[in-house]
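All values reported here derive from a predicted model rather than from experimental measurement.
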Amino acid sequence: MSVDSDLQIRPARTSDVKVIRDLVDTYAPDRRLLSKATVTLYEDVPEFLVVERDGVTIACGAVHVMWEDLAEVRTVAVAPDARGQGVGSFLLTSLMDRARDLGVKRVFCLTFETRFFAAHGFVEIDGAPVDHAVFEQLLQSYDEGVAEFLDLERVKPNTLGNVRMLRIL
């Protein structure tokens with residue numbers, strides 16, 4: 001599917017958080033996205049890219065580095081009226097490029113949208129694909145996404161039904 005040439009992608013700014021919040025809120029009620037506190041969205045602005053069409057933000061997504069060679073693609077959302085137009089693919093490709101630029105070799109996602117991510121080279125995994133020493137270090141993170149990656153008991157009610165996927169870059 002070709003992407004409109006009028007799409008622009010750029011790093012998010014603090015002024016984008018309201019739209020990112022709206023996109024998250026669109027998909028959080030049916031649990032396709034995990035809801036996040038607005039303060040967390042502001043804290044994570046440097047991780048986000050946004051896609052614009054005619055100056056209107058229609059998609060967002062973030063790359064969160066978890067370890068030396070591992071990052072998570074998170075909060076990938078496309079406005080409902082822009083779905084099925086290649087916007088998500090355009091965004092995910094840009095997020096993968098950003099992960100490569102950061103030196104990451106593996107990208108993780110936790111998703112219900114398995115067909116979409118599989119079409120982009122992600123494969124389903126069981127457990128956390130890190131050795132025990134790295135697992136122990138990751139346990140010290142305060143980030144809820146890291147807890148989800150580690151499949152900790154305290155986050156299982158939030159992640160029930162999601163599929164753990166990984167892509168090697």
Could you go through residues 23-30 and list every donor-acceptor pair under 3.5 Å that involves a side-chain atom there, pairing it with any protein atom two or more places apart or in another chain?
unit_1, atom_1, unit_2, atom_2, d
Asp25, OD1, Arg21, NE, 3.2
Asp25, OD1, Arg21, NH2, 3.1
Asp25, OD2, Arg21, NE, 3.3
Thr26, OG1, Asp22, O, 2.8
Tyr27, OH, Val78, O, 2.4
Asp30, OD1, Arg32, N, 3.3
Asp30, OD2, Arg32, NE, 3.0
Asp30, OD2, Arg32, NH2, 3.4

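- The heavy-atom pair separating Ala99 from Leu169 by the smallest distance is CB-CD1, 4.0 Å.
- A search for side-chain contact (heavy atoms from CB on, under 4.5 Å) contacts involving Ser94 returns Ile9, Leu49, not counting sequence neighbours.
- Distance check: Met66 CE to Phe108 CZ gives 6.0 Å after rounding to the nearest 0.5 Å.
- Within the 4.5 Å cutoff, the side chain of Leu70 has no heavy atoms near those of the Val65 side chain.
- Under the side-chain contact (heavy atoms from CB on, under 4.5 Å) criterion, Glu124 pairs with Val163, not counting sequence neighbours.
- Summarising the geometry of Gly121 relative to Arg167, their closest heavy-atom pair is O-CG, 3.7 Å, with the distance given to 0.1 Å.
- Between the CZ atom in Arg106 and the CD1 atom in Ile125 there is a gap of 8.5 Å [rounded to 0.5 Å].
- Salt-bridge formation is detected for the pair Arg100/Asp97: a Lys NZ or Arg NE/NH1/NH2 atom is positioned less than 4.0 Å from an Asp or Glu carboxylate oxygen.
- You'll find the side chain of Phe116 stays beyond 4.5 Å of the side chain of Thr111, heavy atoms only.
- Taking NE2 from His120 and CG from Leu95, the interatomic distance works out to 11.0 Å, rounded to the nearest 0.5 Å.
- For the side-chain contact (heavy atoms from CB on, under 4.5 Å) test, residues two or more places apart in sequence or in another chain that qualify with Val39 are Ala37, Glu43.
- Residues Val87 and Met96 fall within the same hydrophobic cluster, defined by Ile, Leu, Val, Met, Phe, Trp and Tyr side chains chained together at heavy-atom separations under 4.5 Å.
- For Thr75, the side-chain hydrogen bond (donor to acceptor under 3.5 Å, both in side chains) test picks out Lys36, with sequence neighbours left out.
- Within the 4.5 Å cutoff, side-chain heavy atoms of Phe122 are placed close to those of Val107.
- Taking Ala12 as the reference, Asp16, Ile20, Val45, Phe48, Val50 meet the side-chain contact (heavy atoms from CB on, under 4.5 Å) condition, with sequence neighbours excluded.
- Partners of Glu52 under the side-chain hydrogen bond (donor to acceptor under 3.5 Å, both in side chains) rule, at least two apart in sequence or in another chain, are Arg10.
- In the hydrophobic clustering (ILVMFWY side chains linked at under 4.5 Å, chained through shared members), Val123 stands by itself.
- Take Arg13 and apply the side-chain hydrogen bond (donor to acceptor under 3.5 Å, both in side chains) test, not counting sequence neighbours, and it matches no residue.
- Proximity of Met165 to Thr114: side-chain heavy atoms (C-beta onward) are separated by under 4.5 Å at one or more points.
- Minimum heavy-atom separation, Val104 to Ala71: CG1-N, 3.6 Å.
- Under a hydrophobic-cluster definition in which Ile, Leu, Val, Met, Phe, Trp and Tyr are linked whenever side-chain heavy atoms come within less than 4.5 Å, directly or via other members, Val17 and Leu33 are assigned to the same cluster.
- Contact detail for Gln8 and Phe90: the closest heavy-atom pair is C-CE2, 4.4 Å.
- Legend: residues meeting ring-ring contact (aromatic ring centres under 6.0 Å, His included) with Tyr42, ordered by chain and number and at least two apart, are absent.
- Distance check, rounded to the nearest 0.5 Å: CG of Leu7 to CZ of Arg53 gives 5.0 Å.
- Under the rule for a side-chain hydrogen bond (donor to acceptor under 3.5 Å, both in side chains), the partners of Glu47 that lie at least two apart in sequence or sit in another chain are His64.
- Side chains of Cys109 and Arg74 form no contact here, defined as non-hydrogen atoms less than 4.5 Å apart.
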